[in-house]
There are 2 protein chains.
Amino acid sequence: MTRVLIVDDEPQILRALRINLIARRYEVETAADGSAALRQAADGSPDLVILDLGLPDLDGVDVIHGLRGWSSVPIIVLSGRAGNRDKVEALDAGADDYVTKPFGIDELLARVRAVTRRTVLYQAQLASVQIGEHMVDLTDKTVSGKVRLTPTEWHILEILLRNPGKLVSQRQLLTEVWGERYVKETHYLRQYMTQLRHKLEPDPAHPAHLITEPGMGYRFTP
Amino acid sequence: MTRVLIVDDEPQILRALRINLIARRYEVETAADGSAALRQAADGSPDLVILDLGLPDLDGVDVIHGLRGWSSVPIIVLSGRAGNRDKVEALDAGADDYVTKPFGIDELLARVRAVTRRTVLYQAQLASVQIGEHMVDLTDKTVSGKVRLTPTEWHILEILLRNPGKLVSQRQLLTEVWGERYVKETHYLRQYMTQLRHKLEPDPAHPAHLITEPGMGYRFTP
DNA sequence: TCATTCCTGACGGGTTCCATACGGCCCCGC
DNA sequence: GCGGGGCCGTATGGAACCCGTCAGGAATGA
């Protein structure tokens, strides 16, 4: 069952979306403002977020950044503003789709299907992974032993662990964790990779699982 | 480098998209009708398809179905028709996004980034090739055994493997890897071909898969 | 205030790439 | 048969780049 978090401050739209999604057998949670959205997303870890940009408390793009700080949940943005700037900003912040109001409910549902179709695959399985002596639990966000990871560390680690054995380019990591504009800031990555290794690898100087591929990116090998 | 296949029968749009994408360092291929699109997609296995629905020969949705028959390449649909029915049909056929004309080029580029951000990581187009005793996996960027390849080695090898059995000219390799200005520097190629052979061929002195065609170029034979 | 996390700059060491040189093979004309 | 010129494969040294690490400061929240 796909769990959807709807974030909107207009009760009518909220209600219409809720009814239609429940009718299609989605599990629905709702939030009326940005901070509630961030809290509930962290709490419930939904499979999809439908986010209205016109929120009373926070700027919509900040909510996207907030979510992207630790999660790669798919986000569909709703907005009354049809300007190019707004769209580009939201999409580059990490949104997966941008729908302009007014919209047909059929279109939105089709876009929900399109976005989840892509991501369901990748969300699959992988509850916990062994790295060296540590067990990393992705759903609980816990590591065995006395290891604690920061939000950014989790975010990076999740991307790597969800692609076991595959090369993940620096560009991909940087855009997903920090955003499109940070593709040049490779020293962010270097910083956090050393931290992750010191927390997880048996011998951080000679990593066995979090591998560097010079000039390309990083790879998690189980 | 992300390779994009643009399918559109209007030369102006084709040209505008091509210029803008190339300026953003995408590799661009174009097709003017549906059957050419399917052929070129099968041939070049692009990383993204931008598909205009108003094609002269085939119905756009049929092109989507045709692609989805064997590929999970992301598809962004362009269309002059803004009806809900059209959108739902295209998205449910397998399109990842649906953009209505007229659209801003900035928006389209942002959507391109959004879609590829998702799919570059997770699409599993099983692309692995056997060379001698080694299995080469192009999506994971791995080679069986304790073989590791550098970025430039991967770049060259990818071009050759993408054209199995075909002759690839030195000019093509040099321009794709080093750039237009380096077509004369054939010793770069010689250098890297030996390295690749030493890493992959069973008997590097008598290559069986990475073949030299004197005066012309190189060829990968499976 | 303190603690945590994130950002930023700097530096040493290692890898990768560039550049040059040299030897072998083949084809060709003499 | 002989020599020369392409063309190709291989070796090697140095330059450029990339990466890991340390340290300190800014921002945030308790």
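Just so we're on the same page: letters track the sequence lines, and every chain starts at 1. Note: hydrogens, waters and symmetry copies are ignored here, and every other heavy atom, side chains too, is used.
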Phosphate contact (C/dA19 OP1 or OP2) by B/Tyr188 side-chain N/O below 4.0 Å: yes
Phosphate-side-chain proximity, A/Trp178 and C/dC7, N/O vs OP1/OP2 below 4.0 Å: yes
Separation between CG of B/Asp140 and OG1 of A/Thr221, rounded to the nearest 0.5 Å: 12.0 Å
Separation of C/dT8 P from A/Glu185 CD (nearest whole Å): 7 Å
The helix from C/dT1-D/dA30 to C/dC30-D/dG1: angle between end helix axes, five pairs per end, rounded to 10 degrees: 20°
Euclidean distance, atom OH of residue A/Tyr192 to atom P of D/dC22 [Å, nearest integer]: 16 Å
Distance, rounded to the nearest Å, where B/Gln195 contributes CD and C/dA19 contributes C1': 13 Å
Below 4.0 Å: OP1/OP2 of C/dT4 and any side-chain N or O of A/Thr150: no
Below 4.0 Å: OP1/OP2 of C/dT16 and any side-chain N or O of B/Arg148: yes
Carboxylate-amine/guanidinium contact B/Arg113 A/Asp92, below 4.0 Å: yes
B/S/- contact track for nucleotides 16-21 of chain D, protein heavy atom under 4.0 Å: --SBBB
Salt bridge (charged side-chain N to carboxylate O under 4.0 Å, His left out) evaluation trace for A/Glu153 with A/Lys199: CA-CA 10 Å; A/Glu153 287 167 3; A/Lys199 290 186 179 181; 2.9 Å; yes
Between P of D/dG6 and NZ of B/Lys184, the distance in whole Å: 14 Å
A/Thr175 and A/Tyr182 side chains, donor-acceptor separation under 3.5 Å: no
Nucleotide D/dC8, atom P - distance to CG of B/Leu174 in whole Å: 11 Å
Distance-only side-chain donor-acceptor flag, A/Asp137 / A/Thr142, under 3.5 Å: no
Carboxylate-amine/guanidinium contact B/Arg117 A/Glu176, below 4.0 Å: no
Pair B/Asp203, B/His206: side-chain N/O donor-acceptor within cut-off below 3.5 Å: yes
Whole-Å distance separating the CD atom of B/Glu201 from the C1' atom of D/dT10: 16 Å
A/Arg197 and A/Thr212 side chains, donor-acceptor separation under 3.5 Å: yes
Euclidean distance, atom CD of residue B/Glu153 to atom C1' of C/dT16 [Å, nearest integer]: 9 Å
Flag if over 12 foreign heavy atoms under 6.0 Å of CD, B/Gln130: yes
Interatomic distance where NZ belongs to B/Lys199 and C1' belongs to C/dT16 [whole Å]: 9 Å
